[in-house]
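Sequence lines set the chain letters: A, B, ... in the order given, protein chains first and strands last, and positions in each chain run from 1.
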There are 2 protein chains.
Amino acid sequence: MNDTLMKNKLAEYGAETLKGIYAFIPKKEPQRYLYELISDYPTRGGKGFRPGLCIASCKAFGGSFEDAKYSAVALEMLHNAFLIHDDVEDESHYRRNRPTLHESNNRAIAINVGDAMNALSLQPLWYNRRLLGEKLAQQIFMEVQQMVMDTTEGQALELGWRKDNRCDLTETHYLQMILKKTCWYTCIRPLRIGALIGSKGTVDPDRFNKLGYFMGAAFQIQDDILNLVGEESAYGKEIGGDIMEGKRTLMLIDLIAKCAPTERKRIQKFLALPIRERTEANAREILNWMHRYEAITCAKETSQYLAGAALKEFYTHFSSLEDTEDKAFLESLILYMINRRY
Amino acid sequence: MNDTLMKNKLAEYGAETLKGIYAFIPKKEPQRYLYELISDYPTRGGKGFRPGLCIASCKAFGGSFEDAKYSAVALEMLHNAFLIHDDVEDESHYRRNRPTLHESNNRAIAINVGDAMNALSLQPLWYNRRLLGEKLAQQIFMEVQQMVMDTTEGQALELGWRKDNRCDLTETHYLQMILKKTCWYTCIRPLRIGALIGSKGTVDPDRFNKLGYFMGAAFQIQDDILNLVGEESAYGKEIGGDIMEGKRTLMLIDLIAKCAPTERKRIQKFLALPIRERTEANAREILNWMHRYEAITCAKETSQYLAGAALKEFYTHFSSLEDTEDKAFLESLILYMINRRY
C-alpha cells in the first residue's frame with residue numbers, strides 16, 4: 001500500500017477512535033478542570049499508531065473495525081493518560097506543539113486528569129463484554145492490565161536510573177527498559193489484542209511478541225533521534241528536550257561509554273543537577289559530542305537493524321494470511337513506524 | 001462494643017488486609033523504585049477504616065471475612081494510591097509521621113508508584129470472580145470503578161477552587177465537594193460493597209448512601225479540624241499544613257465569609273501565592289482568625305450535627321438486622337470515625 005493510502009487509513013481509524021473517546025467522556029460537572037481536559041491531548045492529534053495497529057491486526061485476522069473499536073479507544077485513552085503523567089514526571093514543556101497539560105493548567109490538576117483518564121479507560125473494556133462475549137472480553141482486559149503494569153515497570157526503571165544518576169548503562173539495559181516502557185504498550189499489546197479479537201481468540205498471541213519488540217525498539221530509538229535532530233514543528237516537542245530531562249537514550253548511553261573521562265565527568269555533573277538548573281549551553285555541548293562520537297549514527301544503525309528484524313518477523317507470521325487491504329495497511333504502517341522521519 | 005474491643009477488631013482486619021496487599025505485590029524487578037514503594041504507605045499503618053467498614057458491613061449482612069477480603073484489599077490499595085498522588089498534588093511534607101513518598105524519593109517516582117498501585121488494585125477485584133461468582137464480582141467492579149471516578153471529580157473541584165483562588169465558596173459547595181472526594185470512597189462504597197457481598201447481592205445498596213454521606217462528611221470535617229488543632233505525632237501530618245496548602249476547608253470557607261474585608265484581602269493574597277512562598281507566620285495569623293471568628297467551633301458543631309444524622313441513619317437501616325458481634329463492631333466503628341480526637 002502506498003504512503004498516502006496508508007496515512008489516510010491511519011487518519012480514518014484515528015478519527016473514529018477519537019470519536020469513541022469523546023463518547024466515553026462524561027458530559028456532567030466538573031467539566032473545566034476535569035472532563036474538558038481529558039479530551040485535550042487526544043484532540044491535539046496524535047498519530048494514532050496504537051489504535052491503528054490494533055484495528056489493522058484485528059481486520060487482518062478476519063475481524064471488523066467494529067469488533068476492535070472499544071479496545072482501540074481504551075488503548076488510546078491509556079496512551080494519553082500515560083503521556084500526561086509522563087510529561088509531569090519529565091517536567092516537559094511541549095506536547096504536540098502546545099504547552100503540556102501541567103503547564104497550561106497546573107501539576108496537581110494534570111495528575112488528577114491522568115488518574116481520571118486511566119479509570120475511564122476501563123469503561124470501553126467493559127463494553128467489550130457485550131460486543132465480544134465474556135471470555136474474549138476478559139482476555140483483553142487481562143492483556144491491558146498486564147500492559148499497564150509493564151509500562152509502569154519500564155517507567156520505574158528509567159526514573160530510577162535518573163534518580164541514581166546512573167552513568168554505567170549499556171545497550172542491553174536500554175533495550176530491557178524500552179521493552180517494558182514502550183514496546184508492550186505501543187506495539188506488542190495492540191497487535192496481540194487485535195489478533196485475538198479478529199481470530200475470536202484462536203490465535204496464539206505470543207507469536208507477535210518479537211515483532212512488537214523489534215518494531216517498538218526501532219520506533220523508540222528513532223523517536224529519540226528525532227528529539228535531537230528533528231524539526232520542532234513537525235516533532236511537536238522541544239528539540240533536545242530529552243537531554244535537558246536527563247533521559248537515558250541509547251545515544252546518551254553510547255556517548256558516555258565512548259567519550260573522554262573529562263567529558264564523562266561534565267556529563268555526569270550536568271545530569272546530577274535538578275532539571276531546572278541545567279543550562280541549554282551544556283545540553284548543546286552534549287549534543288555536539290553525540291555527533292562527534294557518532295552516537296547518533298550508531299543509534300540509527302541499531303534502529304535500522306531492529307527494523308529489519310521486525311520486517312522478517314512480520315513476513316514470518318503474516319505471509320500465510322490472506323492478502324487483504326488491511327494486511328497491506330498493517331505492513332505499510334509497520335514500515336512507516338520504523339522508518340519515520342518526523 | 002467497647003472502644004478497646006472495637007480497636008482490636010479494626011486492627012485485626014487492618015492486619016489481614018495488609019497481608020492481602022503484600023500478597024498481590026509482584027516479587028519481581030524493579031523492586032527498589034516500584035514494588036518496594038507500593039508497600040511503603042500501607043506499611044506505615046493507616047487506621048484501616050475502609051477495609052474495616054467493608055468487612056464489618058459484609059459480616060453484619062451474613063457474609064464472612066473471607067468473602068470480603070479481596071474487596072477490602074482493593075479498597076485499601078486504591079486509598080493508598082490516592083494518598084500518594086494527593087500528597088504530590090498538595091505538596092504535602094508528612095504522611096503518617098514520615099516524609100511523603102515524593103519527598104523520600106522524588107515526584108516522578110511517586111506518581112509512577114501511584115499509577116502502578118491503581119492498576120494493581122484491579123487484581124484482587126479480578127480474584128473476586130472465583131470467590132463470589134461472575135455477577136457479584138462484576139457488580140463490585142462497577143462500584144469501585146464509579147468510586148474512583150467520583151474521587152477524581154471531587155479532587156478536580158477542590159484543585160480547581162485553589163487554582164482559581166475561589167474565595168466565594170459556601171458550606172454547600174464544601175459539602176458537595178467532600179461528598180465526591182471523601183464520602184463515596186471512605187464510607188459509602190465500602191458499606192455498599194460489604195453489604196452486597198454479605199447479602200449475596202440481594203440488598204439495595206442505595207440505602208447506605210445517606211449514612212455514608214453523613215458519616216463521611218462528619219469524618220472529613222473532624223479530620224480537617226485535627227489538622228488545625230491536633231498533636232503532630234498523633235495526627236501524623238504537619239499541624240496547620242492544610243492552611244499552607246490553601247485547602248478549602250469548612251473553617252477557611254467560614255472564616256472568609258465572616259472576617260473583616262481587610263482580613264479577607266490578606267487571606268486572598270496569601271492564597272494567591274505559590275505554596276512554597278507562603279509563610280508560616282501568615283498561616284498562624286489565619287489560624288488565629290479561625291479561632292477568633294469561631295470558625296473551628298462552628299465546624300465542630302456541623303460535624304456533630306452530621307454525626308447525629310449518621311447515627312439516625314445507621315439505626316434506621318441496621319436495627320432490623322440480627323444483633324451480631326460485627327453489627328456491634330460496625331456501630332462502634334462508625335461512632336469512632338465520627339467522634340475521633342486523633
Novice: How are the rings of A/His85 and B/His85 set relative to one another: parallel (under 30°), tilted (30 to 60°) or perpendicular (over 60°)?
Specialist: perpendicular

Novice: Report the distance from atom CG of A/Leu34 to atom CE of B/Met149, rounding to the nearest 0.5 Å.
Specialist: 6.5 Å

Novice: Could you report the tightest heavy-atom contact between B/Asn112 and A/Ala156, atom names first, then the distance?
Specialist: ND2-N, 3.4 Å

Novice: Please flag which part of B/Tyr35 lies under 4.5 Å from any non-hydrogen atom of chain A: side chain, backbone, both or neither.
Specialist: side chain

Novice: Could you pull out the closest heavy-atom pair between B/Thr152 and A/Ala116, with the gap in Å?
Specialist: OG1-CB, 3.6 Å

Novice: Specify whether A/Trp126 and B/Phe141 have parallel, tilted or perpendicular ring planes, treating 30° as the upper limit for parallel and 60° as the lower limit for perpendicular.
Specialist: parallel

Novice: Locate the shortest heavy-atom distance separating A/Tyr33 from B/Gly160; write the atom from each residue and the value.
Specialist: CD1-CA, 3.2 Å

Novice: Side-chain contact test, heavy atoms from C-beta onward, threshold under 4.5 Å: evaluate it for B/Asn106 versus A/Arg162 and give yes or no.
Specialist: no

Novice: Take atom CZ in B/Phe24; do more than 12 heavy atoms of anything else shown fall under 6.0 Å from it?
Specialist: yes

Novice: Evaluate side chain to side chain contact (heavy atoms under 4.5 Å, CB included) for B/Leu122 paired with A/Leu122, printing each intermediate quantity in order.
Specialist: CA-CA 10 Å; B/Leu122 297 178; A/Leu122 297 178; 3.9 Å; yes

Novice: Does atom NZ of B/Lys200 have more than 12 heavy-atom neighbours from other groups under 6.0 Å away?
Specialist: no

Novice: So, for A/Glu89 and B/Ile111, which heavy atoms are closest and what is the spacing to 0.1 Å?
Specialist: OE2-CG2, 3.2 Å

Novice: Which region of B/Glu153, side chain (C-beta onward) or backbone (N, CA, C, O), has a non-hydrogen atom less than 4.5 Å from a non-hydrogen atom of chain A, or is it both or neither?
Specialist: both

Novice: Can you name the closest pair of heavy atoms from B/Leu159 and A/Ala108 and give their distance?
Specialist: CD1-O, 3.6 Å

Novice: Give, as side chain, backbone, both or neither, the part of A/Leu120 having an atom under 4.5 angstrom from any heavy atom of chain B.
Specialist: both

Novice: Classify the side-chain pair A/Gln138/B/Glu134 by whether it contains a donor and acceptor separated by less than 3.5 Å.
Specialist: yes

Novice: Which region of A/Gln146, side chain (C-beta onward) or backbone (N, CA, C, O), has a non-hydrogen atom less than 4.5 Å from a non-hydrogen atom of chain B, or is it both or neither?
Specialist: side chain

Novice: Are side-chain heavy atoms of A/Asp115 and B/Gln155 found at a separation under 4.5 Å?
Specialist: no

Novice: Taking CZ in B/Arg130 as the centre, count heavy atoms belonging to other residues, nucleotides or ligands within less than 6.0 Å. Is the count above 12?
Specialist: no

Novice: A/Asn105, A/Leu37, A/Asp90: which one forms the most heavy-atom pairs within less than 4.5 Å of chain B?
Specialist: A/Asn105

Novice: Need one label for B/Gln123: side chain, backbone, both or neither, based on atoms under 4.5 Å from any heavy atom in chain A.
Specialist: both

Novice: Measure A/Glu29 against the heavy atoms of chain B and call it side chain, backbone, both or neither at under 4.5 Å.
Specialist: backbone

Novice: Using heavy-atom distances under 4.5 Å, tell me whether B/Asn118 contacts chain A through its side chain, its backbone, both, or neither.
Specialist: side chain

